[in-house]
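Below, chains carry the letters A, B, ... as their sequence lines are ordered, and counting in each starts from 1.
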There are 2 protein chains.
Amino acid sequence: MMRAGETQMAKPDKRTRLRQSAVELAYRQGFRKTTIADLAAESKVPLGNIYYYFKTKDELGAAILETRLDEFHQLRDHAETLSDPKDRIRLFIDATLDNRAVVAERGCPMGSLCAELLKDGGELGKQSNALFAEPIAWLAAQFGSLKRTDGAALALQLMASLQGVSLLAQSFRDPRLIETEAARLKAWLAAL
Amino acid sequence: MMRAGETQMAKPDKRTRLRQSAVELAYRQGFRKTTIADLAAESKVPLGNIYYYFKTKDELGAAILETRLDEFHQLRDHAETLSDPKDRIRLFIDATLDNRAVVAERGCPMGSLCAELLKDGGELGKQSNALFAEPIAWLAAQFGSLKRTDGAALALQLMASLQGVSLLAQSFRDPRLIETEAARLKAWLAAL
DNA sequence: GTCTATACGGCGATAGAC
DNA sequence: GTCTATCGCCGTATAGAC
């Protein structure tokens, strides 16, 4: 039991800490390679206790996906405070650009996770689809606001470029690839 | 000692069978998820005997990378029988396009392998770099033959698009994404 | 709700007969 | 070179005291 006075100052509750640690570990070393013992060490929650919050490792994977999707939702909500659809799309490109240092080390937070879960072939692979489907649908809507009839195609093209360059930047451990491609994509966007 | 695949023997020897089965299994279900027992079943080589040919699982991984790199070399050699650099690049694009059905199921044979090995964080991840580095260098040379000074940038751009769309096609299980992107890339190439 | 100890299975790798 | 049996470790998950 928590003593009085610890409540306000305490770390986030265990479920939240577990989710955050799981997201971090899965991003750093992969979901499959991350063991419950790893998670126990990172989150400082005893191994057996983890199962009180997440009954299986797959439930943990679902929570990770949910967290990553929430991150996109926050980006989207921020972007929608801008009135120009091109500015909104620029903000999306900037999300990768601003993260280029870590992307060059670990890959795209969404893409590398999807790639892994898709190969694993379980139920999580199918669920991971939303991580691409939602951003693409949103991007397509933004391109649609620009009176383009090919919004869906443009959204796929943009997403593919960002995913591809993230993978290449990771392979070459070189964030400059992302700088180059982001600049090109912004020029392309401006010219649309 | 003679290695099969380098001979004209009617029936591939065990080493070759093992390598081929390992490539197939790693592509179908991932390298990490593939167990030596899986490989024994697929190749019909008894489990213990596998270790006569490959002392560790990592050696098997290195053989898989070598095989995938050889596949690119064959494509490159075929492409270099063509005199027009644009035709050579088109052949490279066609490699993904012609494979779109299986790419939409399992991802790009090179890209999905690199992504997995990079996340795993071992020595194989670093070795996998050649799978991107060689094609990109070759593509850059082809663009260079077109008197472009930005050949390296164009090569990265093309490779990123193909890798990205392969991942998206896999996620959506839809080979048509590859058709659309390949058509766009060919038009882009023709207009260079 | 929390935590220690452990069950149970599967994995890479080896031993050793043939 | 080949193959069966098995070792030792490590993974997920559970038992059960507190």
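A side-chain donor from one of Gln29(A) and Asp38(A) sits under 3.5 Å from a side-chain acceptor of the other. Neither side chain, Asp70(B) nor Thr67(B), offers a donor N or O lying under 3.5 Å from an acceptor on the other.
Salt bridge present: Arg176(B) and Asp174(B) bring a charged side-chain N and a carboxylate O closer than 4.0 Å. For the pair Glu105(B) and Arg100(B), the salt-bridge criterion is not met [side-chain N within less than 4.0 Å of a carboxylate O].
Between Gln29(B) atom CD and dC11(C) atom C1' there is a gap of 14 Å when expressed in whole angstrom units. Leu18(A) has its CG atom 13 Å from the P atom of dG1(C), to the nearest Å. Taking atom CG of residue Leu25(B) and atom C1' of nucleotide dC11(C), one finds them 16 Å apart after rounding to whole Å. The nearest whole Å value for the distance from the CD1 atom in Ile36(B) to the P atom in dG8(D) is 20 Å. Going from atom CG of Leu39(B) over to atom P of dG10(C) covers 19 Å, rounded to whole Å. If you measure from atom NZ of Lys33(A) to atom C1' of dC11(C), you get 15 Å, rounded to the nearest angstrom. Atom-to-atom, CG of Leu60(B) to P of dG12(C) comes out at 10 Å; the value is rounded to the nearest Å. For the pair Lys57(B) NZ and dG12(C) P, the computed distance is 5 Å after rounding to whole Å.
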For nucleotides 3-6 of chain D, list the nitrogen or oxygen atoms of the protein found under 3.5 Å from its nitrogen or oxygen atoms, one pair per line.
residue : atom : partner  : partner atom : Å
dC3(D)  : OP2  : Lys14(B) : NZ           : 3.0
dC3(D)  : OP2  : Asn49(B) : ND2          : 3.4

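Applying the side chain to side chain contact (heavy atoms under 4.5 Å, CB included) criterion to Asn49(B), with sequence neighbours excluded, gives Lys14(B), Val45(B), Pro46(B), Tyr52(B), Tyr53(B).
In this structure, Asp13(B) contributes its side chain and Thr16(B) its backbone to a donor-acceptor pair below 3.5 Å.
Taking every side-chain heavy atom of Tyr52(A) into account, dT2(C) is the closest of dT2(C), dT2(D), dT14(C). Set against dG1(D), dT2(C), dT12(D), the side chain of Tyr53(B) has dG1(D) as its closest nucleotide.
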